[in-house]
Protein chains: 2
Amino acid sequence: MTTRWLTPEEQRAWRAYIAAAHLLEDAIDRQLQQDAGMPHLYYSILSTLSEAPERRLRMTDLAEGLKITRPRLTYAVTRLEKDGLVGRESCRWDKRGSIAVLTDEGMAEVERAAPGHVETVRSALFDRLSPEQVGQLEEISRAIADGLQEDTGDEVPWRRRSSPSCS
Amino acid sequence: MTTRWLTPEEQRAWRAYIAAAHLLEDAIDRQLQQDAGMPHLYYSILSTLSEAPERRLRMTDLAEGLKITRPRLTYAVTRLEKDGLVGRESCRWDKRGSIAVLTDEGMAEVERAAPGHVETVRSALFDRLSPEQVGQLEEISRAIADGLQEDTGDEVPWRRRSSPSCS
DNA sequence: TAGGTTTGCTTCAAACTTGAACCAAGAGCT
DNA sequence: AGCTCTTGGTTCAAGTTTGAAGCAAACCTA
């Protein structure tokens, strides 16, 4: 089958998206690196844990939630552990399992860094968009994510993982 | 001033965006790595050069166009040069300058890899979006990019760089 | 309950990215 | 010309990411 090339509109959209994505991720990484000494992903890990029940999550769940590979998460958590911001516990129900726990220090760090981070996200993104555009962005993002996950889609509600606290 | 936290809509949009961006970039990187043995950025470099006049561009212009840092570009071009896909020329008007040139082999490689890449972009992104959404995505991306560039904005049409070909 | 497969996570080497430091060449004074 | 400041590009060390192994604990299925 002959290639369906991108239309001019699609090309423009694609290039604009790539550029914006680079610029945005850079801006956010830079701000967090400055202000909290860690890249965006690491902050996301802390932030995700801070909202989880008992501030703890299994590695795999964390990786899945953040859409990153497990080796990447392992590396990140190892560093955050060295910094004293997270700890690891083993799961007593599944001895293979490893659970990341946000320490008090980690929680404090999230709370300290959050305002600056939010301010950056706001000024770089939401201050530039109309409320309709915010909705559109969500729609578009979901469409993309849904499409890319349906292949890998472990959407099996039964066979659920162990309880979050796992304790 | 007290932090203006994200509204629930903004939070949803932000998270959806982060997830989609990760998934999309991963999918594209994976495909290109498989099919062309290089990450997305490297392909973008080749692709950008392929459309430039005389297939050549100054390093700084290339870095600016792709919104990446110069060290990153230097590293990438060094590798692509080792692979024989690009070459470097020095600019005779500005002896500091370095110009990346797409080789014939590089051009062939872009042409070989393009269909698969486009197919991936299409199936991951554009097949999922309505024409209106494509327009919205472009708008949103431009709003973000414009906002983030106005600080750094070298939007000075005079004081232009040397001619693209620089020869 | 033994054997084979899958799952959860880590480890490893190689590739990539980052920010600071560096160097040489242009530009703007005086 | 000489001096300084900026610009274009690379280099370097430290940090991060990747994909392929590796390993042990579950999960079959017989």
Side-chain angles (χ1 to χ4, degrees), chain A residues 22 25-34 36-45 57-64 66-83 86 88-100 152 154 156 158-162 166, chain B residues 22 25-34 36-45 57-83 88-100 152 154 156 158-162 166:
Chain A
H22 273 157
E25 195 50 20
D26 276 9
I28 291 182
D29 264 333
R30 207 167 15 255
Q31 185 273 322
L32 278 170
Q33 196 65 259
Q34 287 282 326
M38 65 182 76
H40 186 195
L41 173 65
Y42 293 54
Y43 175 85
S44 299
I45 292 171
L57 237 29
R58 287 194 59 156
M59 295 295 277
T60 295
D61 293 335
L62 198 41
E64 256 178 36
L66 295 170
K67 312 301 176 199
I68 62 174
T69 61
R70 276 174 310 184
R72 191 177 179 187
L73 179 61
T74 295
Y75 179 89
V77 166
T78 302
R79 178 200 143 171
L80 291 171
E81 197 173 19
K82 281 194 189 98
D83 296 345
V86 311
R88 277 189 229 245
E89 288 178 1
S90 57
C91 177
R92 74 187 54 173
W93 297 350
D94 182 344
K95 282 173 194 154
R96 294 168 302 179
S98 179
I99 301 177
T152 324
D154 286 65
V156 220
W158 65 89
R159 201 187 71 51
R160 267 323 303 148
R161 239 165 276 289
S162 51
C166 191
Chain B
H22 273 157
E25 194 50 21
D26 276 8
I28 290 183
D29 264 333
R30 207 168 13 256
Q31 185 273 322
L32 278 171
Q33 196 65 257
Q34 287 281 323
M38 65 182 77
H40 185 196
L41 174 64
Y42 292 53
Y43 175 85
S44 300
I45 291 172
L57 237 28
R58 288 194 58 156
M59 294 295 277
T60 296
D61 293 336
L62 197 42
E64 256 177 37
L66 295 170
K67 312 301 177 197
I68 61 173
T69 61
R70 278 176 306 186
R72 192 178 178 184
L73 178 60
T74 294
Y75 179 88
V77 166
T78 302
R79 178 199 142 170
L80 291 172
E81 197 175 17
K82 281 196 189 97
D83 296 346
R88 277 187 229 245
E89 287 178 1
S90 57
C91 177
R92 73 187 55 171
W93 298 350
D94 182 344
K95 284 175 193 153
R96 295 167 302 180
S98 180
I99 301 178
T152 323
D154 285 62
V156 221
W158 65 90
R159 202 187 73 50
R160 266 326 299 149
R161 238 165 279 287
S162 51
C166 194

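On a predicted model such as this, the values are computed, not experimentally measured, just so you know. By convention in this document, chain letters (A, B, ...) are assigned in the order of the sequence lines, proteins followed by strands, and residues within each chain are numbered from 1.
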Length of the line joining [X]:[atom1] and [N]:[atom2], which is rounded to integer Å:
X: B:L73; N: C:dC16; atom1: CG; atom2: C1'; result: 14 Å
X: B:I28; N: D:dT17; atom1: CD1; atom2: P; result: 19 Å
X: A:L80; N: C:dT10; atom1: CG; atom2: P; result: 13 Å
X: A:L32; N: C:dT18; atom1: CG; atom2: C1'; result: 15 Å
X: A:I45; N: D:dT17; atom1: CD1; atom2: C1'; result: 13 Å
X: B:E64; N: D:dG9; atom1: CD; atom2: P; result: 10 Å
X: B:D29; N: C:dT17; atom1: CG; atom2: C1'; result: 13 Å
X: A:R92; N: C:dG8; atom1: CZ; atom2: C1'; result: 18 Å

Salt bridge or not between A:R58 and A:D94? Use side-chain N to carboxylate O under 4.0 Å.
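Here A:R58 pairs with A:D94 in a salt bridge, since their nearest N and O are under 4.0 Å apart.
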
Quick check: on DNA chain C, is the nucleotide nearest A:Q34 upstream (toward 5') of the one nearest B:M38, or the reverse? Name the residue that is more 5'.
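Comparing both residues, the 5'-ward one is B:M38.
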
Using a cut-off of strictly less than 4.0 Å, decide whether [X] has a side-chain nitrogen or oxygen near OP1 or OP2 of [N].
X: A:R96; N: D:dC27; value: no
X: B:R88; N: D:dT10; value: yes
X: B:R79; N: C:dC16; value: yes
X: A:R72; N: D:dG19; value: no
X: A:Y75; N: C:dA13; value: no
X: A:S98; N: C:dT10; value: yes

Between [X] and [Y], is any pair of side-chain heavy atoms under 4.5 Å apart?
X: A:H40; Y: A:Q31; answer: no
X: B:I99; Y: B:M59; answer: no
X: B:R72; Y: B:L41; answer: yes
X: A:R88; Y: A:V77; answer: yes

For the side chain of [X], starting at C-beta, report the closest nucleotide among [options].
X: A:T74; options: C:dG8, C:dT17, C:dT10; value: C:dT10
X: A:P71; options: D:dG9, C:dC16, C:dT11; value: C:dT11
X: B:D94; options: C:dA20, C:dC16, C:dA25; value: C:dA25
X: B:L41; options: C:dT17, C:dG8, D:dT17; value: C:dT17

Nearest nucleotide by nearest heavy atom, which residue falls closer to the 5' end of DNA chain D, B:G97 or B:Q33?
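Comparing both residues, the 5'-ward one is B:G97.
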
